[in-house]
Number of protein chains: 2
Amino acid sequence: MFAEERRMKIIEIIKKGESVKVSGLTKRFNVSESTIRRDLVELEKSGKILRTHGGAVSKSINKLEDTFLEKQDKYAVEKDRIGRIAASQIEDGDTIIIDSGTTTYYISKYLKAKGITIITNSIVLTYELANREDIEVINTGGTVRINTKAQVGPITERTIKQFRVNKTFLGANGLSIKYGVTTPTLDEAVIKQAMIDATSQVYLLVDESKFSQVYSSVICSLDELDYIITNNERPEEEVEYYEKCGIKVLT
Amino acid sequence: MFAEERRMKIIEIIKKGESVKVSGLTKRFNVSESTIRRDLVELEKSGKILRTHGGAVSKSINKLEDTFLEKQDKYAVEKDRIGRIAASQIEDGDTIIIDSGTTTYYISKYLKAKGITIITNSIVLTYELANREDIEVINTGGTVRINTKAQVGPITERTIKQFRVNKTFLGANGLSIKYGVTTPTLDEAVIKQAMIDATSQVYLLVDESKFSQVYSSVICSLDELDYIITNNERPEEEVEYYEKCGIKVLT
DNA sequence: CTGACTATGATTGTTTATGATTGTATTTAA
DNA sequence: TTAAATACAATCATAAACAATCATAGTCAG
């Protein structure tokens, strides 16, 4: 591929409103960082892009970020932080499952690890990650639920059962000492169970509002959890109990 | 071979969206590098190509694999109209497959039929339809391709094979009398074939720019098509031929 | 035939694209 | 706030591609 071609393609990517990383581009085009930097310098000189530390973005319109989620969610800040912590647990080369839901969604903002494969049943997350050249995204498929944009049903379940992964990042509506992890709908509970079965380590992402809550469908008992990631306003007595059960609680 | 002839052929190659290398052309035409360079200098002078270090590319952006949004821009009006016609073919209670791609995407704007089920491998379409309470959306799942936001691979294929539907609305990059329906990537061709196998009626959605185009991977031959939906600027001679083959052409 | 003209090939010094390296700046995590 | 990690600019070396030039071999008009 010629330099001109490469630069055209870089522009294409950026014109879509996506940002690009130097590291991602080196992999994608299989050239050195120097070369990519020179490309970006050139493209910036001719006014086509705006360089940033680590890559480049479109000069015009800022992205369609700030989705509906972040504005109306009461615990957006907490979830953001939880997402960041969760992302920091992901290592290069991991194959992971990320559950649907608003909390888990925030992981995508902080994904840094290289060469990872993500399996998810979230349409929103898939849509978001579909632009990341450095991540392989596998969508489970399934029937789309209107409220949560999660995919559920037999297709989803069967796809998940095909995989064995390192880590699963799970969302839930309720976490209680007595009843474990729960959610309001059976469909989603079944899928979450399949996700747990497919993994070696289970991370549960819950903000403070989920503690001591119980919903009708049980996802799993506490002993299936390896980690709980939550925010600082966590209820200490409960947390102590969970840690006594052998669950590591990260904040 | 005369110089003029050689230059014509060089233009042809480049216009197809391919890049050419000086070294490649010397071999192909069995002439010296000097000669090829002189050709390229001439062609660039008359504005037909863009020289690069090592060869030349088309002046306009590489057409082989445009990105999603870019495709959306070109022929947007035509595609919108095509999408509306396609939507009008959908009846209450239908279960249909909608392929990924920019043209098929427009169907979503005009979906009126009640009680329909839509199976699709398009992340964008799924995302779009996820809010529609009156439509059941089943996403096929699969590995997400960055450029087209289509899902492909074995998961996608297997899911599609599970269904029998009334109608399939297919997109493609090339439609030609000689070679049938084609697209640039094998992965997507395989999925499209599965979609054809799962349906009783195949609708091909193509704007005028797709006529007489051929790409590397064959999706199907003409006799598998039941309908072609296109815009008004359709090439009449070709259309006549298709109708003679028993394909209904809607505009 | 001769001489001008053209397309081509061969030669050579120059330019370009690229990768590697190194010290500096910036960002991130503790 | 500080230390570590990451990204950066600047620079150099090299191989490939290039422009410029000259030489050769056809071609055609006179």
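Note that this is a predicted model, so its numbers are computed, not measured. A, B, ... follow the sequence lines: proteins, then strands. Residue 1 opens every chain.
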A/Arg37 side chain, from C-beta outward: closest of C/dG19, D/dA9, C/dG9:
D/dA9
Need to verify one output field. Residue with the more 5' nearest nucleotide on DNA chain C, A/Ser88 or A/Ser32?
A/Ser32
Mapping A/Ile36 and B/Val31 to their closest nucleotides on DNA chain C, which lands nearer the 5' end?
B/Val31
Nearest-angstrom distance from the residue atom CG of A/Asn30 to C1' of C/dA17
15 Å
Please determine whether a side-chain nitrogen or oxygen atom of B/Arg51 lies at a distance below 4.0 Å from atom OP1 or OP2 of D/dA19.
yes
Min side-chain heavy-atom separation A/Leu205-A/Ile107 under 4.5 Å:
yes
Can a side chain N or O of B/Thr35 be found less than 4.0 Å away from OP1 or OP2 on C/dT8?
no
A/Arg81 atom CZ is separated from C/dA29 atom C1', nearest whole Å, by 12 Å
Between C1' of D/dA16 and CZ of A/Phe2, the distance in whole Å
12 Å
Mark yes or no for whether B/Ser19, through its side chain, and B/Ala56, through its backbone, hold a donor-acceptor pair below 3.5 Å.
no
Grab the NZ-P distance between B/Lys21 and D/dA16 for me, whole Å please.
12 Å
Result of checking A/Thr156, A/Thr148, A/Asn173 against A/Glu188 for side chain to side chain donor-acceptor pair (under 3.5 Å)
A/Thr148
Distance, rounded to the nearest Å, where A/Glu33 contributes CD and D/dA10 contributes P:
16 Å
Is there a donor and acceptor pair closer than 3.5 Å between the side chain of B/Arg38 and the base of C/dG9?
yes
Side-chain contact, heavy-atom cut-off 4.5 Å: A/Arg84 with A/Ser88?
no
Check the distance between C/dG9's P and B/Asp39's CG and give it to me in whole angstrom.
10 Å
Closest approach to the side chain of A/Ser34, judged atom by atom: which nucleotide of C/dT18, C/dT26, D/dA10 is it?
D/dA10
Can you tell me the distance, in whole Å, between the CG atom of B/Leu40 and the C1' atom of D/dA17?
12 Å
Value in whole Å for how far the P atom of D/dC18 lies from CD of B/Glu42:
16 Å
By nearest atom, which of the nucleotides C/dT16, C/dG19, C/dT27 is closest to the A/His53 side chain?
C/dT27
Do A/Asn121 and A/Asp99 have side chains that get closer than 4.5 Å, going by heavy atoms?
yes
Using only side-chain N and O atoms of B/Arg6, determine if any of them is under 4.0 Å from OP1 or OP2 of C/dT8.
yes
On DNA chain D, compare the nucleotides closest to A/Thr52 and B/Val41; which residue's is nearer the 5' end?
A/Thr52
